[in-house]
Amino acid sequence: MKQRLLTAVNALVVFAALLVLWQIVLWVFRVPPYMLPTPYAVAKAVHTRLPTLLNSLAITAEESAGGLAASIAVGVVIALVFAQSRWVRKMFYPYTLLLQTVPIIAVAPLILMWVGAGEPAVTLIAFIISLAPIIANTTQGLISVDENLVHLFLMHSASRAQLLFKLRLPHAVPSLFVGIRIASGIAVIGAVTGELYAGSSQVGVGGLGYSILYAWSQLQTDYLFALVFATTVLGFCFFFLVMFMEWYFLHRWHESARVPEAE
Amino acid sequence: MNPAPEIRNDVPQIEIAGVTKSYGNGPAVLQSLDLTVCREEFVSIISPSGCGKSTILKLISGLTAPTSGTIRVEGMTPQNARETVSYVFQEATLLPWRTVTANIGLSLELEGVASDRRKKTIASLLALVGLNHVAGAYPRELSGGMKMRVSIARALATSPRLLLLDEPFAALDEMSRDRLNEEILRLRSEQKWAAVFVTHSVAEAAFLSDRIVVLAPNPGRIHAVFPVDLPSPRVAALRTSPEFDALVSRVSHALRETLAA
Ligand SMILES: Nc1ncnc2c1ncn2[C@@H]1O[C@H](COP(=O)(O)OP(=O)(O)OP(=O)(O)O)[C@@H](O)[C@H]1O
Ligand SMILES: [Mg+2]
């Protein structure tokens, strides 16, 4: 507990030091405010436009969460299918790699064309971009079960369903969480990137990515900074939420999720 | 020279006749193996590494099929006889996400035993292997010896008539191993199963068995069979008796011969 408090204090000290450095750079190099606003101006922008900012944050959070939830649901189902036979894996696994390597920026216009601008399109982009790590990690977890455990199940005449749901699936949960951790970061990036393209169906109102473009076009650099800051906070929130869920589900039995008792 | 071994029953539990086994197109791992294990008999198999000991257990349990020859367990094919057989692996192979109780219940659960009957069996097994105080613990909270006890309790839960044990105590320190050996004998005197026990330890084999089979390598085949005529019930003090020493040195000698050949 004391350790973690110390970590938090350290982080805050570093943050304060960065703010000071930022202010010094402004004074020394006389940077015009439309290039780099003062920390105070950014704080003021956050304060005066808080409702709009929170609205954008909520939109992007919803899109990322929706995309992530969909990729978890679909990814686990695909992984379950992959775990059934080596043949299926050989045939379809390369395509999941494709999913990972295709630049989403290149596909975004197509999605826009098919789905139309707005939140569904952005959610779809967040889903596509975060799917691959879920599939890859869950499949790995499902098939890397100790052979002796499989033999044990066979000795007691386990059915295919029992093997899957009482052995492979629980065994894959830690790997699934590794996948979710990676995917959660990508989903937020995907949503913000998606918004740059398929941002909003309503001028001036949209998620963080859309608002970043908009603030940029208006040269509202202080608000632009506030938006970037909000994007980072969103990413952090996702990360910590996933970490907490991982801890909650795994700490009783899994080594990796254990909080060290004494250091 | 030796008096006939005292076998409680001469009905065969396992009959292995002329079994040869090779994996894929590889060389024979086992060559024309003949071995009969009687009901309630405890047979140990000992050999240098890689002679096919684990393969024999896998054949008896039907997890792999012989290349030629026949195997019968209670007169049935190994696959059909599975519900009379339990397997104990070298590592405890517990499910880390299940508590001790739920791990012991696994075999019954898989075989579709109703939950109230399962609970009764688990409770009596917990007491039998002395794990009542850790019933709700997860495997990572247990010592190696405790994990092995859970594994044995799980194997006994289905009331098997044949137990296959593949170096179950190899990873344990000598003291835990001796304790568990004594426990195995006690459990067996209560439950009367037959056992095929694979080990690298001559002393362990001598302490537990009615018969010791020594395998020779390349390909795996029976080199010598030693009936064990030590007094029963076997108690810890037996390990320091001259008869015990004599047996151990005879088996060790045979084991060395297999390496020289
Ligand atoms: N699934 C398998 N596929 C191919 N070869 C195998 C397989 N299992 C075992 N073998 C081979 O069969 C031989 C005997 O293996 P086995 O595990 O039965 O020996 P063992 O006597 O149990 O050895 P150890 O004392 O090291 O446990 C070895 O040469 C091994 O490489
Ligand atoms: Mg072996």
Side-chain angles (χ1 to χ4, degrees), chain A residues 76 79-80 83 86 137-181 244-263, chain B residues 54-55 57-64 73 78-100 102-113 118 136-142 150-151 154-160 162-168:
Chain A
V76 168
L80 285 174
R86 186 168 308 203
N137 283 285
T138 312
T139 305
Q140 194 53 42
L142 287 170
I143 63 177
S144 65
V145 172
D146 178 8
E147 197 194 12
N148 280 341
L149 279 174
V150 176
H151 284 163
L152 176 77
F153 271 61
L154 292 180
M155 284 305 295
H156 296 289
S157 43
S159 64
R160 236 185 140 77
Q162 281 176 325
L163 261 170
L164 194 57
F165 292 108
K166 288 186 194 262
L167 181 58
R168 293 193 188 279
L169 202 55
H171 178 263
V173 171
S175 325
L176 169 63
F177 268 110
V178 172
I180 295 179
R181 229 189 300 162
F244 173 76
M245 274 169 42
E246 188 174 353
W247 174 85
Y248 180 81
F249 283 112
L250 301 182
H251 75 281
R252 297 244 31 206
W253 64 270
H254 196 253
E255 299 290 347
S256 80
R258 248 158 101 198
V259 180
E261 274 128 41
E263 270 179 289
Chain B
S54 300
T55 303
L57 295 192
K58 287 200 180 116
L59 287 165
I60 296 171
S61 54
L63 291 170
T64 186
V73 178
Q79 249 120 1
N80 289 338
R82 267 185 192 163
E83 64 183 54
T84 69
V85 182
S86 278
Y87 208 126
V88 178
F89 300 90
Q90 174 168 349
E91 299 85 28
T93 56
L94 304 178
L95 302 183
W97 55 87
R98 283 179 175 234
T99 61
V100 167
N103 262 296
I104 295 177
L106 176 73
S107 47
L108 295 169
E109 196 180 312
L110 292 176
E111 294 185 4
V113 174
R118 225 157 58 209
Y138 287 82
R140 69 166 172 78
E141 299 165 305
L142 305 179
V150 178
S151 183
R154 176 182 62 196
L156 296 179
T158 50
S159 312
L162 171 62
L163 214 54
L164 305 174
L165 305 107
D166 195 349
E167 303 185 40

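Here is how names work: the chains are called A, B, and so on, in the same order as the sequence lines, proteins then strands, and each is numbered from 1. The model shown is predicted, which means the values in this text are computed figures rather than measured ones.
A donor-acceptor pair is defined here as one N or O able to donate and one able to accept, closer than 3.5 Å; no such pair exists between the side chain of A:R252 and the backbone of B:R98.
Contacts of B:Q90 with chain A are absent, with no heavy-atom separation under 4.5 Å from either backbone or side chain. For B:L106, the part lying near chain A is the side chain, with the backbone staying farther off; criterion is any non-hydrogen pair under 4.5 Å.
For B:W97 against A:P170, the heavy-atom pair with the smallest separation is CE2-CB, 3.2 Å.
Separating the NE2 atom in A:H251 from the OH atom in B:Y138 is a distance of 8.5 Å, to the nearest 0.5 Å.
Note: A:L152 leads A:L149, A:L152, A:V173 in heavy-atom pairs under 4.5 Å with chain B.
Here the side chains of A:H171 and B:L95 are not in contact, with every heavy-atom distance at 4.5 Å or above.
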Could you pull out every donor-acceptor pair under 3.5 Å between side chains of residues 79-87 of chain B and any protein atom, sequence neighbours left out?
unit_1 : atom_1 : unit_2 : atom_2 : d
B:Q79  : NE2    : B:G62  : O      : 3.4
B:N80  : ND2    : B:T77  : OG1    : 3.1
B:R82  : NE     : B:S61  : O      : 3.1
B:R82  : NH1    : A:L154 : O      : 3.4
B:R82  : NH2    : B:G62  : O      : 3.0
B:T84  : OG1    : B:A81  : O      : 2.7
B:S86  : OG     : B:A155 : O      : 2.6
B:S86  : OG     : B:T158 : OG1    : 3.3

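Here side chain to side chain donor-acceptor pair (under 3.5 Å) pairs that include residues 138-156 of chain A, with residues two or more places apart or in two chains, are A:H156-B:E111.
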